[in-house]
Amino acid sequence: MRIGELSERTGTPRRMLRYYEEQGLLVPGRSANGYREYDERCVDRVLQIRGLLDSGLPTRVIKQVLPCLNQPRAIHVAGATPETIALLERERDRMTQRIECLVRSRDAISGYVEAVRRAGGPGTGEAAGTPALHAPAALHAPPAVPEPAPAYDLAVSA
DNA sequence: ATTCTAACA
DNA sequence: TGTTAGTA
């Protein structure tokens, strides 16, 4: 498939697709006309990249780690250098902190929404209930699922 | 019609 | 990021 289709199927702007390639995250083939040619695997690949990006990993880390996270890790044992492992551990800890931050933010919002509701605020008795604050999105399947970026403005000062 | 590269604000 | 230009 060409960039347009991949773009639609992953909800990723073409711009970003080219950018990922520039960063060495994606390596599409080229057809005679010079157009990028992507295979089916790229769909999950892009979703995975976006998930990692949304998790706060810089592209250079993703580039280094994507091969390991993917298929037969037996083949990528080479990349499992102690240094890389340490890097991954740092990133994992960062994610943990981020998760904690997200939880606080979500609870803060939840608390507010429910307070408004109890106070008989707008939307009470009306048609729509709260438009699902936590989307039932299939969380982190094999291909990392992009989660909406947190509004750090809302983070509770804890 | 679609994509490509490069570049500027 | 939006956008434009000049191609193939």
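Below, read A as the first sequence line, B as the second, and so on, with proteins coming before strands; counting in each chain starts at 1.
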Please enumerate all residues that pass side chain to side chain donor-acceptor pair (under 3.5 Å) together with A:T12, with sequence neighbours excluded.
A:T10, A:R50
Residues that A:S31 engages under side chain to side chain donor-acceptor pair (under 3.5 Å), provided they are two or more places apart
A:N33
Pull out every residue in residues 3-11 of chain A that has a heavy atom closer than 4.0 Å to any atom of DNA chain C, ordered by number, or say none.
none
Can you list, in residue-number order, the parts of residues 20-35 of chain A that come under 4.0 Å of DNA chain C, counting heavy atoms only?
A:Y35
For A:V103, what are the other residues in its hydrophobic cluster, where any two members join if their side-chain heavy atoms are less than 4.5 angstrom apart?
A:I99
Taking salt bridge (Lys or Arg N to Asp or Glu O under 4.0 Å) as the definition, give me every residue that meets it alongside A:R90, ordered by chain and number, with sequence neighbours left out.
none
Could you tell me which residues satisfy salt bridge (Lys or Arg N to Asp or Glu O under 4.0 Å) with A:D107, sequence neighbours excluded, listed by chain and number?
none
Could you pull out all donor-acceptor pairs under 3.5 Å where a side-chain atom in residues 18-26 of chain A meets a protein atom, sequence neighbours excluded?
{"unit_1": "A:E21", "atom_1": "OE1", "unit_2": "A:R36", "atom_2": "NH1", "d": "2.5"}
{"unit_1": "A:E21", "atom_1": "OE2", "unit_2": "A:R30", "atom_2": "NH2", "d": "3.4"}
{"unit_1": "A:Q23", "atom_1": "OE1", "unit_2": "A:T59", "atom_2": "OG1", "d": "3.4"}

For A:E40, side-chain contact (heavy atoms from CB on, under 4.5 Å) partners two or more places apart:
A:M1, A:R9
Locate the shortest heavy-atom distance separating A:G56 from A:R98; write the atom from each residue and the value.
N-NH1, 4.2 Å
Between protein and nucleotides 5-7 of chain C, what N or O pairs are separated by less than 3.5 Å?
none

Pick out the pairs of N or O atoms, protein on one side and nucleotides 2-4 of chain C on the other, that lie under 3.5 Å.
{"unit_1": "C:dG2", "atom_1": "N7", "unit_2": "A:R15", "atom_2": "NH1", "d": "2.9"}
{"unit_1": "C:dG2", "atom_1": "N7", "unit_2": "A:R15", "atom_2": "NH2", "d": "3.0"}
{"unit_1": "C:dG2", "atom_1": "O6", "unit_2": "A:R15", "atom_2": "NH2", "d": "2.2"}
{"unit_1": "C:dT3", "atom_1": "O4", "unit_2": "A:R15", "atom_2": "NH2", "d": "3.2"}

Taking Watson-Crick and G-U wobble pairs with both distances under 3.5 Å, convert DNA chain C into its dot-bracket string, 5' to 3', dots for unpaired and | for cross-strand pairs.
||||||.|
